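What follows is one structure encoded as structure tokens, with my remarks underneath.
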Protein chains: 2
Amino acid sequence: MMNFRMTFASEQPVTAADKTFIQLRTDIVEGVIQAGTKLSETELSTKYAVSRAIIREAINRLASCRIVERKANIGARVVALTPEGLDQLYQVRESLEGMAARLAAQNMTDQEIADLNSLLSSHFDEVKTGESYYQEAGDVDFHYRIILGSKNSHLISLLFDGIYHLVRMYRVQLGMAGPRVTTAFDEHKHIVQAISNRDAELAEMLMRRHIWYSKSNIERKLVN
Amino acid sequence: MMNFRMTFASEQPVTAADKTFIQLRTDIVEGVIQAGTKLSETELSTKYAVSRAIIREAINRLASCRIVERKANIGARVVALTPEGLDQLYQVRESLEGMAARLAAQNMTDQEIADLNSLLSSHFDEVKTGESYYQEAGDVDFHYRIILGSKNSHLISLLFDGIYHLVRMYRVQLGMAGPRVTTAFDEHKHIVQAISNRDAELAEMLMRRHIWYSKSNIERKLVN
DNA sequence: ACCCGGGATATTGTCGACAAAGTGAGTGTA
DNA sequence: TACACTCACTTTGTCGACAATATCCCGGGT
């Protein structure tokens, strides 16, 4: 069920390579395999009980989304989590998700917007009753729908297949603050309002700001 | 030497898989392998005289930058060039390169800006003397430096490893107009001016407009 | 004539073995 | 002692063979 959240609807693992890739990725994102670790192909192939070719493909895919860095004839290692890395990542994320919000305001159907509104109210109930798992699942759901709403397949791919897992890695491994939860909810509400009004410019600006706040929140932890 | 232009400085092919990947990519981008073609692993492995594993890796990498689409147990085929695809691609490109220009205005060193200016004047000489190869090499060089100037490794990777080859595929296979060359030069000049003045907002806006014009230019051909 | 099912064929997915490149310890020399 | 070289070992890169899945053709039934 939690597994649902970290693998998006689009990626249904069919082949063994897919499963191993997703497994390895979540192990890294969740910190089971620590940041900076060297990834030995033979070692991993025994650990995950698949051939080295499968592991190689998984590592290559992880290199594509910059979760690991690979050097020819030397090997691959998990990226380190640094303040500079976070900054650069969130610069890109802010731009892309801002664009997603703008396009979503233009391209989402009325039905999709209605669904987004009801998603938000169900989240409101959860926040009210104190179920704080909103942080993870709810937030991902919210951004997920807006990104899909952009209807731009390149953008969707860049975010879901590309930077999102790295974003999650920073968030999971550095933890998230408490007070942020309710304020984030308000920000979500305003964004949805802008989208409902088909106000693309405002939606982009609010989304950018929302993500900027989110970065500041994580950054506070990293500095320690 | 022309090969210099299509493989960026960062990617020095060291392994056989690298070379095959780059070769296959340029063959697709240049249209030697036509858009929409099915890519047979066995066929390509004999054609390029390497093992199927090498071809598989190359195809996987091409799938990462969305030059081919792969389906499990079915195969991979080169993407089709459509007006919708061009629109979506250039939406993303406009956003990312606009961001690059903004960051470049903030982060490039004075020396790098000076080099960029002299690059521009050398291009001016070429345009004046009528050497129209400016289209290809010069334009790529220009954008190349600004993207590097952003100093954001995620952004750089997204553009160079990601969408740039697909952009080139549209440009190469649909040809480029004539009159556009000189006007594009003027746009470049204004962008460099903005960067020289450290005017990030203006640099972003001019870059976005520059790319938007470029898209319109290609689009005109595609509609036929 | 049309539709459905089954088997032959071709293609992709997975594996273990071999080749090549990098790494590090140990030795000999200045 | 410090440096450079060699050689053994570890790790990655490449390959061909086998397994699993999809595709296509053909025959039988309604």
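Here is how names work: the chains are called A, B, and so on, in the same order as the sequence lines, proteins then strands, and each is numbered from 1. On a predicted model such as this, the values are computed, not experimentally measured, just so you know.
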Please determine, for the side chain of [X], which listed nucleotide ([options]) has the closest atom?
| X | options | answer |
| --- | --- | --- |
| Arg56(A) | dT14(D), dT14(C), dT11(C) | dT14(D) |
| Ser51(A) | dT14(C), dT23(D), dT14(D) | dT14(C) |
| Ala72(B) | dG13(D), dC15(D), dG13(C) | dG13(C) |

Original post:
Contact class for Ile55(A) vs. all strands (heavy atom < 4.0 Å): base, sugar-phosphate, or nothing?
Top reply: nothing
Provide, to the nearest angstrom, the distance between the [atom1] atom belonging to [X] and the [atom2] atom belonging to [N].
| X | N | atom1 | atom2 | answer |
| --- | --- | --- | --- | --- |
| Asp18(A) | dT12(C) | CG | P | 16 Å |
| Arg52(B) | dT11(C) | CZ | C1' | 8 Å |
| Ile59(B) | dT12(C) | CD1 | C1' | 10 Å |
| Leu44(A) | dT11(D) | CG | P | 12 Å |
| Glu57(B) | dT14(C) | CD | C1' | 16 Å |
| Arg70(A) | dT12(D) | CZ | C1' | 8 Å |
| Ile54(A) | dG13(C) | CD1 | P | 10 Å |
| Arg61(B) | dG13(D) | CZ | P | 10 Å |

**OP:** Let me know, please, whether Val50(A) or Ala76(B) comes out on the 5' side of the other along DNA chain C by nearest nucleotide.
**Re:** Ala76(B)
Original post:
Toward the 5' end of DNA chain C, which comes first, Asn73(A) or Val14(A), by nearest nucleotide?
Top reply: Val14(A)
Subject >> Short side-chain N/O contact to dT14(D) OP1/OP2 from Thr15(B), under 4.0 Å >> reply: yes
**OP:** Return no unless some side-chain N or O of Lys38(A) is found under 4.0 Å from OP1 or OP2 of dT23(C).
**Re:** no
Subject >> Aromatic plane relationship, Phe142(B) with His210(B) - under 30° parallel, 30 to 60° tilted, over 60° perpendicular >> reply: perpendicular
**OP:** Please determine if Arg171(A) and Asp139(A) form a salt bridge, counting it only when a charged side-chain N lies under 4.0 Å from a carboxylate O.
**Re:** yes
**OP:** For the residue pair Asn60(A) and Arg61(B), confirm or rule out a side-chain donor-acceptor distance under 3.5 Å.
**Re:** no
Original post:
Between the side chains of Gln91(A) and Asp87(A), does any donor sit under 3.5 Å from an acceptor?
Top reply: no
Original post:
Taking the six-membered ring of Tyr213(B) as reference, does the NZ or CZ atom of Arg208(B) fall below 6.0 Å from its centre and within a 45° cone about the axis?
Top reply: no
